[in-house]
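Read through the structure below, which is laid out as C-alpha cells, and then see the notes.
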Amino acid sequence: MSVLVDLSMFPVNAGEHLSVHVAPIVAMIAASGHAYQLTAMGTLVETEHLDEALALVSRAHALLVETGCERVYATVKLDIRQGPPGRLAAKTASVEARLDR
C-alpha cells in the first residue's frame with residue numbers, strides 16, 4: 001500500500017512568519033524516515049500504511065501544542081492506494097516526462 005499525505009499545519013494568530021513553527025514539524029517528518037517533499041504550501045509525505053500517515057498528523061499537532069499554540073489550522077489530503085510505494089517520486093516523474101520542453 002502507498003499513502004500520500006499532503007499536510008499543511010500551522011498556528012493561528014502567530015504572526016506573518018510561520019517557519020519557526022513549521023520547521024520542527026518538517027524535522028519530525030524527516031526523522032520519521034518516510035519519503036517527503038517540502039513545498040511552498042505544505043509537505044508531501046509517503047507512508048506504507050494509513051495509521052502511519054495519521055500518526056504523523058497527530059505528532060505534528062502535538063508539536064504545535066507543546067510550544068503553546070492554542071489554535072491550529074490544518075489541511076490534510078490523503079491518496080490511499082494498493083500497490084507498491086514510490087509514488088511520491090513516480091507521480092511527479094510521470095508528468096515531467098510528458099512535458100514538451
Side-chain angles (χ1 to χ4, degrees):
M1 176 184 290
S2 167
V3 180
L4 295 181
V5 183
D6 186 358
L7 172 64
S8 177
M9 185 179 293
F10 52 87
V12 176
N13 297 328
E16 184 177 338
H17 304 286
L18 300 173
S19 61
V20 68
H21 298 284
V22 173
I25 294 172
V26 176
M28 177 273 296
I29 291 169
S32 76
H34 296 293
Y36 75 97
Q37 179 182 348
L38 179 64
T39 74
M41 296 295 291
T43 305
L44 301 168
V45 185
E46 183 173 18
T47 66
E48 290 188 26
H49 304 284
L50 179 58
D51 59 343
E52 294 170 323
L54 297 176
L56 288 175
V57 173
S58 181
R59 280 188 253 155
H61 176 256
L63 283 172
L64 291 176
V65 170
E66 288 171 10
T67 63
C69 298
E70 294 182 6
R71 184 174 178 191
V72 173
Y73 179 86
T75 62
V76 180
K77 294 188 289 185
L78 300 166
D79 179 358
I80 306 163
R81 182 174 179 180
Q82 297 299 319
R87 292 189 309 134
L88 185 64
K91 288 181 74 148
T92 305
S94 177
V95 173
E96 291 283 344
R98 297 180 196 299
L99 293 177
D100 186 26
R101 293 187 187 185

**Prompt:** Any sub-3.5 Å donor-acceptor pair from Ser58's side-chain atoms to Ala55's backbone N or O?
**Reply:** no
**Asked** Do Leu56 and Met28 pass the side-chain contact (heavy atoms from CB on, under 4.5 Å) test, and can you show the C-alpha distance, the side-chain angles, and the key distance before you say yes or no?
**Response** CA-CA 8 Å; Leu56 288 175; Met28 177 273 296; 3.7 Å; yes
**Fill in**
Heavy-atom nearest pair, Pro85 first then Ser2, reads CA-CB, 4.1 Å
**Short side-chain to backbone donor-acceptor contact, Thr39 and Gly42, under 3.5 Å** = yes
**Message:** For residues Leu63 and Leu38: do they belong to one hydrophobic cluster (side chain heavy atoms under 4.5 Å, members Ile, Leu, Val, Met, Phe, Trp, Tyr)?
**Reply:** yes
**Prompt:** Taking atom CG of Asp100 and atom CZ of Arg98, what is their separation to the nearest 0.5 Å?
**Reply:** 13.5 Å
**Message:** Grouping I, L, V, M, F, W and Y whenever their side-chain heavy atoms are under 4.5 Å apart, do Leu88 and Val3 come out in a common cluster?
**Reply:** no
**Request:** Spell out, yes or no, whether Leu64 and Val45 are grouped together once hydrophobic residues are joined by side-chain heavy atoms under 4.5 Å, including indirect joins.
**Result:** yes
**Message:** With a 4.5 Å cut-off on side-chain heavy-atom distances among I, L, V, M, F, W and Y, is there a chain of contacts connecting Leu50 to Met9?
**Reply:** yes
**Item:** Where Leu78 and Ala53 come nearest, the two heavy atoms and their spacing
**Value:** CD2-CB, 4.4 Å
**Item:** Inter-residue atom distance Thr75.OG1 - Asp6.CG, 0.5 Å rounding
**Value:** 6.0 Å
**Message:** Distance check, rounded to the nearest 0.5 Å: Ile29 atom CD1 versus Gln37 atom CD?
**Reply:** 12.0 Å
**Request:** Start with the C-alpha gap between Tyr36 and Val26, add the side-chain angles, then the distance that decides, and say whether side-chain contact (heavy atoms from CB on, under 4.5 Å) holds.
**Result:** CA-CA 9 Å; Tyr36 75 97; Val26 176; 3.9 Å; yes
**Prompt:** Can you find a heavy atom in the side chain of Val5 that is under 4.5 Å from one in the side chain of Val76?
**Reply:** yes
**Rounded distance [0.5 Å steps], CE in Met1 versus CD in Glu48** = 10.0 Å
**Prompt:** How about Asp51: does its CG atom have over 12 heavy atoms from other parts shown lying under 6.0 Å from it?
**Reply:** yes
**Prompt:** Hey, quick one: are Leu7 and Val20 part of the same hydrophobic cluster, counting side-chain heavy atoms closer than 4.5 Å, chains of contacts allowed?
**Reply:** no
**Fill in**
Checking Lys91, Glu52, Arg87 against Glu46 for side-chain contact (heavy atoms from CB on, under 4.5 Å), the one that qualifies is Arg87
